[in-house]
Amino acid sequence: MPRERVAALVEAAARAAIAEGALPDVALPAVALERPRDAAHGDYASSLPLRLARAATMPPLAIAAAIAERLPADGIVAAPEVAPPGFINLRLADGFLQGEVDRVIARGAAFADLAIGAGRRAQVEFVSANPTGPLHVGNGRGAAIGDTLASALAAAGYAVEREYYVNDAGAQTALFAETLHARYLRLFGREAAIPDGGYRGEYMADLAVEVREREGDRFLTDPGAPCPPALGELGIALMVARIRATLESFGVRYDRWFSERSLHEPPPEGGESAWGAALARLRADGRLTEREGALWLTAADLGEDKDNVVVRSDGRPTYFASDIAYHYDKFERRGFDLVIDVWGADHHGHVSRVEAGAEAMSERGGGLHVLLYQLVTLRRGDAVARVSKRSGDIVTLDQLIEEVGSDAARFFFLRSAPGSQMEFDLDLAVKQSNENPVYYIQYAHARLASMIDRAAAAGHSPEGGDAALLTAPHELALVRAMLRLPEAIELVATTFEPHHLARYGTELAAAFHAFNDAFRQQGDPGLKVITDDAALTAARLRLALAARIALGRVLELLGMSAPERM
RNA sequence: GCGCCAGUAGCUCAGUGGAGAGAGCGCUACCCUGCGGAGGUAGAGGUCAGAGGUUCGAAUCCUCUCUGGCGUACCA
C-alpha cells in the first residue's frame, strides 16, 4: 500500500536525522500518516514533528525541515513540503501514479488485496435470526454488515467462512411448533387455539398450508394433543428454507447453516457432544457451582458481575449453555483464529457473558469479537411501524427487497456505522429509490463499461498504451482515488466496520464522474478518452480499464451488482 | 436505579487527536452541436446537545448534565 511505503520513508528520514545529529536521540513514535482534508496539502501528511517537539526541545518546523530534507528519493513521493505549525506534506509522484495504472490492470481485481490476515481462519456469524418467522428489515442490516465484513476480511487475507446459527432448540421453537400445529389442525376444520404468546403472523397460516400440501394429513392429532415432533421439525426446515431464499436474493450465501440442536448431540464422527465436552472442561476448571437446584457458571475471575445459569433446575440447558458450547465448537473443534458474531444491539446484555464464556472455554477464546449494530427503527411517513414477529405486524426483508431492490437496500444499510441508530422511512425509501446514492456508483461503472466498449468498436485498444501520458489533474485524481481501495479494505478489516467501504465507493465514483465531465467544464474536447490522438486514447483507455476494475471490486465487496448498462 | 450505544446542515448520515467541519436528499444559479445528464460546477444552510477538563492541537479522549434507543430472565 502506498501509505505504508510513504510512512516507511518518513521513518527512515527521521532515523537518518537522528543518526546525523540533526535531531536529538529521542524515541520515535509510530509514524502514522494523516490524510489531509485539503488536497493542496498533498496525499499524506505527517505530524511527527509536532509529536517530537517536546522531547526534542526543538521547534516543530525545524524538525520538519530536518526530516524532509532527508527523505529518500525513491520515486514514490515528489518533493516534500514543510508547513506550519509542523507538518510534512507528501505528494505521490506522477510517475508512481502512472505506474500504478499498469499494476492495477496486470493484477486485476486482486490489486487491492492485503496480507494482514496472513491466511488465518476467520468466521463471521451473522443474522442467525430465530427460524420462527420471516426476516425483517432489521435482519437486513445484520445481513449486509456481516456479508460485506466477511468479504473485506477475505480481501485482507483471511480464510473466511460465513455461518448462520439456526436456533432449532428451546422454548421459542416449541412455541412455534405449537402455533403451527394449531394452524394445521384448523385447516382440517378442527378447533385449535393459537397458544398464548404464539406467532400470530399470517405466514404461519401459509406455512400450515404448505405442510398440508407436502405431507397431507399425516400430522393430524386431537386438538388437545401436543405437536408431533416431526411437524415441528418440518416447520423449522421450511422456515429455514425461506430465510435462505430471502438471503440469497439479498446476495448472501453461507458456507454453513449450524444447528443449535447439534451442539447437544454426539457429532457424526463420534465422541462427545460439544456441550458435553464444554461442560466437562468448565467442571474440571472449577468454574461451575450448584445452587437452587440449577448449575451456574461462576462469575469469579471472569470479570462478570454475576453468575449465570447454564443448566436449569429442571435439567434443561439454557440458551447461554448453547452459546458456550457453540463457541467451544468454533474455537476448540474447528480452530478459528478470529470469530466475529454480528448481533443486534438488543443482545448487548449478552456480550460480556459470552466473551467471558469463550475465554473460559478456550485459549483462543480471546479471538471472539462481538459486533453490535444498533436497531433499525421503521417509519412510514409519520407513523412508527412496530416490528414484532409475534404480533405479526412486520415489515419483511422480502418486502423491502421487492420495493427498493437488493442493491439499494444493501447500500442503505452499509452507508452508516454499525453503532449508529438508523431510521428507515419506508415511504421515503420507495420514493427516493431512483435517487438512491447506490446508483451514483453503479452509474459510474456502467459509463466506464460503455466507454470501453465504444472505444473497442471504434478500433481503439488499451494495449501498448503509455500511462505516462496521463498528466491531467483529473486523470491523476482518479488514480489517487483507486489507490485508496486497499486503505479502505484495511480499515474495514481492522475496525470490523464495513461502512467505510460504502463511503469509499462514493468517493471513487465521484472521482470518475469529475474526470468524465472535466472536458465539458473546461470546454476542451481534448480531455475526452477517445480522441484523435491514438497514443493518448490508448493511455486513457488504460486508466478507464483500471478504474473499472477498482469500481467493480468495490461493488463486489459491497455485494452489489456492477451493471454494464442501466 | 444500574449498564451499553448514540446526539454533527431542514432530512438521512460520514468524519483514523491534526491544517477554513463533509456527502446524499431537499433548495438556488449555472454547464450538453453529448465516449450515457441516474452527471458536473458554484452557492445558501452548522453554538459538532450543553458545561468543565486533558493536549502544542478536541466533533474525536476524560468527567458531569440533558435528550433518545436498547438492555438489566432458570426467553431466545
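Chain naming here is simple, since letters A, B, ... match the order of the sequence lines and numbering starts at 1 in each.
Annotation: B:rG52 and B:rU72 have their C1' atoms spaced 31 Å apart (nearest Å). Using atom P as the reference point in both B:rA19 and B:rA59, the two lie 9 Å apart (nearest Å). Distance noted for atom P between B:rA9 and B:rC48: 10 Å (whole Å).
The phosphate of B:rU72 (OP1 or OP2) has no side-chain N or O of A:His350 nearer than 4.0 angstrom. Applying the 4.0 Å criterion to OP1 and OP2 of B:rA38, one finds that A:Tyr443 has a side-chain N or O inside that range. At least one side-chain nitrogen or oxygen of A:Arg37 sits closer than 4.0 Å to the OP1 or OP2 atom of B:rA19.
Taking the six-membered ring where the residue is Trp, the centroids of A:Tyr373 and A:Phe413 are separated by 6.0 Å or more. In this structure, A:Phe87 has its ring center at least 6.0 angstrom away from the ring center of A:His41.
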*Derivation of the side chain to side chain donor-acceptor pair (under 3.5 Å) call for A:Asn167 and A:Gln172*: CA-CA 9 Å; A:Asn167 301 123; A:Gln172 293 305 322; over 6 Å; no

*Can A:Gln442 and A:Ser561 be said to form a side chain to side chain donor-acceptor pair (under 3.5 Å), step by step?*
CA-CA 8 Å; A:Gln442 293 183 318; A:Ser561 60; 3.3 Å; yes

*Go through the steps to decide whether A:Thr148 and A:His499 satisfy the test side chain to side chain donor-acceptor pair (under 3.5 Å), and finish with yes or no.*
CA-CA 9 Å; A:Thr148 290; A:His499 71 287; over 6 Å; no

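Nearest nucleotide to the A:Met566 side chain, out of B:rG36, B:rC74, B:rU16: B:rG36. In the set B:rA19, B:rA76, B:rG39, B:rG39 carries the atom at the smallest distance from any side-chain atom of A:Tyr440. You'll find that the side chain of A:Pro36 is closest to B:rA19, out of B:rA19, B:rC74, B:rG36. Distance from the side chain of A:Thr506 is smallest to B:rA23 among B:rC35, B:rC74, B:rA23. Closest to the A:Arg503 side chain, of the nucleotides B:rG18, B:rG39, B:rG22, is B:rG22. For A:Asn516, the side-chain atoms get nearest to B:rC35 when compared with the rest of B:rA21, B:rC74, B:rC35.
Note on A:Asn89: a base of the nucleic acid sits closer than 4.0 angstrom, heavy atoms only. Using a 4.0 Å heavy-atom criterion, one finds that A:Ala417 contacts the sugar-phosphate atoms exclusively. Residue-level contact check: A:Ala502 touches neither bases nor backbone, having no heavy atom under 4.0 Å from any strand. Across all strands, A:His41 comes closer than 4.0 Å to base atoms (heavy-atom distances). Residue A:Ser450 is classed as a base contact, given a heavy-atom separation below 4.0 Å to a base. Contacts of A:Asp38 with the nucleic acid, taken as non-hydrogen atoms under 4.0 Å apart, include base atoms. Among the protein residues, A:Ala83 comes within range of the nucleic acid bases, having at least one heavy atom under 4.0 Å from a base atom. Residue-level contact check: A:Arg3 touches neither bases nor backbone, having no heavy atom under 4.0 Å from any strand. Residue-level contact check: A:Ala294 touches the bases, meaning some heavy atom is under 4.0 Å from a base atom. If you check every strand for non-hydrogen atoms under 4.0 Å, A:Glu490 touches nothing. Using a 4.0 Å heavy-atom criterion, one finds that A:Gln442 contacts no nucleic acid atom at all. Residue A:His499 is in sugar-phosphate contact alone, with no base atom involved, counting any heavy-atom pair closer than 4.0 Å across all strands shown.
Here the side chains of A:Met204 and A:Leu180 are in contact, with some heavy-atom distance below 4.5 Å. Annotation: side chain of A:Val310 is in contact with side chain of A:Trp275 (closest heavy-atom distance under 4.5 Å).
Stem analysis of RNA chain B (Watson-Crick or G-U pairs, both distances under 3.5 Å, runs of at least three) returns B:1-7 with B:66-72, B:10-13 with B:22-25, B:27-31 with B:39-43, B:49-53 with B:61-65.
We find that NE2 of A:His513 is positioned 7 Å from P of B:rG39, with the value rounded to whole Å. Distance CD1 (A:Ile145) to P (B:rC13): 13 Å, rounded to an integer number of Å. Rounding to whole angstrom units, CZ of residue A:Arg353 and P of B:rG71 are separated by 13 Å. When the C1' atom of B:rA76 is taken as reference, atom CD of A:Gln172 falls 6 Å away, rounded to whole Å. Following rounding to the nearest Å, A:Asp307 (CG) and B:rC74 (C1') show an atom-to-atom distance of 13 Å. Per the geometry, CD1 belonging to A:Ile441 stands 14 Å off C1' belonging to B:rG39, to the nearest Å. Taking atom CG of A:Asp346 as the reference point, atom C1' of B:rA73 lies 15 Å away to the nearest angstrom.
With rounding to the nearest 0.5 Å, the separation of CG in A:Leu135 from CG in A:Leu400 is 11.5 Å.
Taking only distance into account, the side chain of A:Ser313 meets the base of B:rC74 through a donor-acceptor pair shorter than 3.5 Å. Side-chain N/O atoms of A:Arg51 and base N/O atoms of B:rG18 include a donor-acceptor pair closer than 3.5 Å.
Within 6.0 Å of CZ in A:Arg565 there are 12 or fewer heavy atoms belonging to other residues, nucleotides or ligands.
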Dump every N/O contact between nucleotides 1-5 of chain B and the protein below 3.5 Å, one line per pair.
{"unit_1": "B:rG3", "atom_1": "N2", "unit_2": "A:His348", "atom_2": "NE2", "d": "2.6"}
{"unit_1": "B:rC5", "atom_1": "O2'", "unit_2": "A:Gln374", "atom_2": "NE2", "d": "3.1"}
{"unit_1": "B:rC5", "atom_1": "O2'", "unit_2": "A:Gly419", "atom_2": "O", "d": "2.8"}

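The aromatic rings of A:Tyr326 and A:Phe258 are tilted relative to each other, their planes meeting at an angle between 30° and 60°. The aromatic rings of A:His350 and A:Phe320 sit perpendicular to each other, their planes meeting at more than 60°, with 30° as the lower class boundary.
In terms of position on RNA chain B, the residue among A:Arg415 and A:Ser46 whose nearest nucleotide sits closer to the 5' end is A:Arg415.
With sequence neighbours left out, A:Leu545 forms a side chain to side chain contact (heavy atoms under 4.5 Å, CB included) with A:Ile105, A:Ile452, A:Pro462.
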